[in-house]
Number of protein chains: 2
Amino acid sequence: MGRNKLPLKKIDNPCRRKITYSKRRDGIIKKATELSVLCDTDVGVLMYSPHGRLTTFSSNGSIEDIFLRYFDQSNEQGGTVEKEGVRSLSLSLSLSLSVLSYGPASVCVYV
Amino acid sequence: MGRNKLPLKKIDNPCRRKITYSKRRDGIIKKATELSVLCDTDVGVLMYSPHGRLTTFSSNGSIEDIFLRYFDQSNEQGGTVEKEGVRSLSLSLSLSLSVLSYGPASVCVYV
DNA sequence: TAAGCTATGTATAAGGA
DNA sequence: TTCCTTATACATAGCTT
């Protein structure tokens, strides 16, 4: 868009790259907001600037909630009963914790 | 965009809502791809369809990698390593378990 | 019912203040 | 810088198949 067509490759000029990042980052957040409102859905976005600065967007609650819902869904493919859901959630939490902490992790759940 | 301007509110007609979701979901993924290429950055997107079907996009590696990078970064900024990420994941897990099981839940984490 | 069309609204690349 | 301006390219709403 704009006066000229940008070729789809990394923008060499760091200044232009930064400007383009800001504009398009805002554009994506706007689109994500619209999608979540129009369709009444959850949307989450994570973006890193060229200098590594993080921007997150989450239409509903925190971005962590969206992560969790992601873990939920990955584990609930089969329409599980509560116990199964609990177990697989625990397993997936263990897994992500062990990666997070670069070591083993265990989780006890009381419901 | 399109023939008429859509008001920014939930689309009532389920059929239209679904169509709009599909088109805009693809649009966001295209924008995210362009952003990541043009600016040489990592971008991750999670979206749920009106029927709860999940779509993820990740410019680089799996969406889990982006999650991890998120936790890493949050923890670098706050000073506390791992513990915060672990705590917020545990809290989220407790919450979701208590909803799943229609009662209180508690979680112990060992890392 | 998914896929294509097109008129129209939106995003944005350059440039300017 | 940070915010306008505006020409242009892009996304998409409603329609058609």
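Below, chains carry the letters A, B, ... as their sequence lines are ordered, and counting in each starts from 1.
Rounded to whole angstrom, the span from the CE atom of Met1(A) across to the P atom of dT12(D) amounts to 9 Å. Ile28(A) has its CD1 atom 13 Å from the C1' atom of dA11(D), to the nearest Å. The nearest whole Å value for the distance from the NZ atom in Lys31(B) to the C1' atom in dT12(D) is 12 Å. The nearest whole Å value for the distance from the CG atom in Asp12(B) to the P atom in dA13(D) is 15 Å. The distance from atom CG of Leu35(A) to atom C1' of dA13(D) is 15 Å, rounded to the nearest whole Å. Computed from coordinates, the Asp26(A) CG to dT2(D) P distance equals 13 Å when rounded to whole Å. Rounded to whole Å, the distance from CD1 on Ile19(B) to P on dG14(D) is 10 Å. Residue Ile29(B) contributes atom CD1, which lies 16 Å from atom C1' of dT12(D) at whole-angstrom precision.
For DNA chain C, the span of nucleotides reached by chain B at under 4.0 Å from its heavy atoms goes, 5' to 3', from dT6(C) to dT12(C).
Not one N or O on the side chain of Tyr21(A) forms a donor-acceptor pair closer than 3.5 Å with the backbone of Cys39(B). Judged by distance alone, with hydrogens and angles left aside, the side-chain atoms of Arg17(A) form a donor-acceptor pair with the main-chain N or O of Asp12(A) at under 3.5 Å.
For the OP1/OP2 pair of dA13(D) and a distance below 4.0 Å, the side-chain nitrogens and oxygens of Lys5(B) include no atom meeting the criterion. Look at Thr20(B) and you won't find any side-chain N or O under 4.0 angstrom from OP1 or OP2 of dT12(D).
Taking 4.5 Å as the limit, some side-chain heavy atom of Leu35(B) sits within range of a side-chain heavy atom of Met47(A). Residues Val43(B) and Tyr48(A) fail the side-chain proximity criterion, which asks for heavy atoms closer than 4.5 Å. With a 4.5 Å cut-off on side-chain heavy atoms, Phe57(B) and Thr33(B) count as touching.
Separating the CZ atom in Arg24(B) from the CE atom in Met1(B) is a distance of 6.0 Å, to the nearest 0.5 Å. Interatomic distance, Ile29(B) CD1 to Thr55(B) OG1, rounded to the nearest 0.5 Å: 6.0 Å.
The residue among Lys23(A) and Leu6(A) whose nearest nucleotide of DNA chain D is located toward the 5' end is Lys23(A). In terms of position along DNA chain C, the nucleotide closest to Lys18(B) lies nearer the 5' end than the nucleotide closest to the other residue of the pair Arg24(A) and Lys18(B).
No hydrogens or angles were tested; on distance alone, a donor-acceptor pair under 3.5 Å links the side chain of Arg3(A) to the base of dT6(D).
Base pairing of dT8(C): its partner is dA11(D), meeting the Watson-Crick or G-U wobble criterion (both donor-acceptor distances under 3.5 Å).
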